[in-house]
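A quick note: this is a predicted structure, and the numbers were derived from the prediction, not measured. We name chains A, B, ... by the order of the sequence lines, and we start the count at 1 in each one.
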There are 2 protein chains.
Amino acid sequence: MEQVSANRSHGGTQGVYRHASRETGTEMTFSVFVPDHAPGAKLPVLWYLSGLTCTHANVTEKGEYRAACAEHGIIFVAPDTSPRGDTVPDHEGYDFGQGAGFYVDATEAPWAANFRMRSYIESELPELVAAEFTMADMTRQGITGHSMGGHGALTIALRDPGRFRSVSAFSPIASPLNCPWGEKALGGYLGEDREARRDYDACALIADGARLPDLLVDQGTADQFLVEQLKTSLLVDACEAAGIPATIRMQEGYDHSYYFISTFMADHVAWHAKRLKA
Amino acid sequence: MEQVSANRSHGGTQGVYRHASRETGTEMTFSVFVPDHAPGAKLPVLWYLSGLTCTHANVTEKGEYRAACAEHGIIFVAPDTSPRGDTVPDHEGYDFGQGAGFYVDATEAPWAANFRMRSYIESELPELVAAEFTMADMTRQGITGHSMGGHGALTIALRDPGRFRSVSAFSPIASPLNCPWGEKALGGYLGEDREARRDYDACALIADGARLPDLLVDQGTADQFLVEQLKTSLLVDACEAAGIPATIRMQEGYDHSYYFISTFMADHVAWHAKRLKA
């Protein structure tokens with residue numbers, strides 16, 4: 001792992017790192033904020049999965065998480081959203097291919113070789129973080145994300161409930177089985193078998209029996225993607241039917257941008273901190 | 001004035017606006033954050049002048065000022081740093097020409113026609129803000145800025161002490177008369193007469209008798225420009241010699257970036273709020 005940059009910020013260190021990924025077959029870049037801490041202290045880890053088109057940089061620059069993470073003593077890890085580069089397959093749309101990994105392990109050609117973001121987030125990157133950041137307490141992990149990354153956070157947590165003590169999301173894609181982004185991406189990465197997509201659909205996973213201890217979601221009412229793509233109401237219904245105690249807040253007038261995310265970031269960090277430090 | 005965008009954020013509205021400037025002869029873009037407020041309420045205005053290469057967008061995206069401005073009920077205005085466009089003279093360096101207006105009214109050709117950032121910030125933009133934002137209380141203004149914008153904030157406030165109730169800066173260029181950035185820019189915009197530059201040098205203005213009621217400055221010790229360009233110690237000496245009660249804080253390990261600015265932004269907004277709402 002190579003350090004790309006390190007900047008002192010909010011009483012901690014904001015780093016950016018690069019490594020050769022065995023899962024994606026490419027170099028991958030991610031950011032980690034480590035608050036100052038006592039020697040030997042172990043800090044919980046909050047994962048943030050980004051949305052379509054984003055790299056680690058969007059939330060690192062605009063997410064406004066550092067003050068809250070420093071206050072609560074939480075490490076914040078922000079991965080990229082897909083493999084990238086000239087040798088990696090791509091697609092002309094913003095919603096498929098590079099920048100749009102959807103946190104799946106692709107099975108279809110030509111995507112299957114590189115587009116392994118599920119395994120990257122579930123296995124490779126946690127192993128790397130645990131090895132390189134000795135202050136990271138991998139027994140206390142939380143996960144959140146935005147839009148496609150909210151979908152990633154929910155589905156990864158639902159498939160492996162033992163790993164995360166806390167789960168939240170900002171304007172998640174509630175059900176890729178039921179929206180155009182999901183049709184295109186899961187169809188492209190996984191093929192025509194719709195059953196295979198249930199592993200990558202929060203509502204389907206819940207319907208199939210997966211559970212979370214609780215859940216915090218913020219969703220802007222002025223989000224341009226709410227009605228056609230995000231469909232928060234499907235997540236509300238799924239949690240209700242399954243008895244998952246979900247706090248799903250519709251935020252009046254907020255849109256899909258980092259102006260929205262940054263507004264509620266401190267709330268989410270505090271919500272995770274309460275559970276990670278309980 | 002045309003609204004380019006408006007996003008709900010941190011309990012207020014982050015807007016971006018464009019207008020045809022009489023001073024620069026170009027279209028100019030700036031951002032304004034207006035916290036929610038009671039009908040008829042008048043809110044103080046905090047100006048933020050940006051540094052070399054920046055537009056309004058850098059601080060708007062990375063400055064982390066909105067939470068504090070919403071908490072204190074303060075309008076935050078972020079102008080551009082120069083005229084821009086194909087019809088405007090430019091220079092190949094990042095530190096002169098477009099993106100580097102240095103908050104002067106240029107007198108030298110070919111700059112004099114467009115590079116009138118002093119008059120733009122001192123007269124035209126305040127008039128526009130007063131006319132278009134009826135909740136702005138122009139009797140309660142504060143000013144801050146970063147680097148070249150810190151120089152701008154200090155010199156504008158020193159030349160017109162009646163206008164601002166509060167002044168602060170992040171890593172300001174303390175004395176353009178005594179650093180390469182200042183030599184190049186003030187020499188280029190104002191010509192060889194070094195006396196003419198004293199109006200654009202905080203330390204010279206103080207030596208010549210200008211005063212501020214007090215002052216807050218934050219400066220990172222790991223700032224790559226500290227020794228050669230910023231020279232904070234000259235400002236410390238000038239304030240001491242003049243009896244200006246300045247709080248100039250050297251922040252250990254911080255650099256020149258928005259990772260530094262955002263860390264101390266809430267402190268600055270609170271510092272201005274105390275004086276603007278006294």
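The parts of A:Glu61 that come within reach of chain B are both its backbone and its side chain, each placing non-hydrogen atoms under 4.5 angstrom from that chain. Of the atoms belonging to A:Tyr254, heavy atoms from both backbone and side chain fall under 4.5 Å from chain B. Contacts of A:Asn7 with chain B are made by both backbone and side-chain atoms, with heavy-atom separations under 4.5 Å. Residue A:Thr13 does not touch chain B at all, counting heavy-atom pairs closer than 4.5 Å.
Shown here is B:Lys274, whose NZ atom has no more than 12 heavy atoms of other residues, nucleotides or ligands within 6.0 Å.
The distance from the CD atom of B:Glu64 to the CE atom of A:Met265 is 10.0 Å, given to the nearest 0.5 Å. Note that NE2 of A:His10 is 10.5 Å distant from OH of B:Tyr259, once rounded to the nearest 0.5 Å.
By the 4.0 Å N-to-carboxylate-O rule, B:Arg8 lies too far from A:Glu252 to be salt-bridged with it.
With chain B as partner, the option from A:Ala67, A:Gly63, A:Ser262, A:Ala266 having the largest number of non-hydrogen pairs under 4.5 angstrom is A:Ser262.
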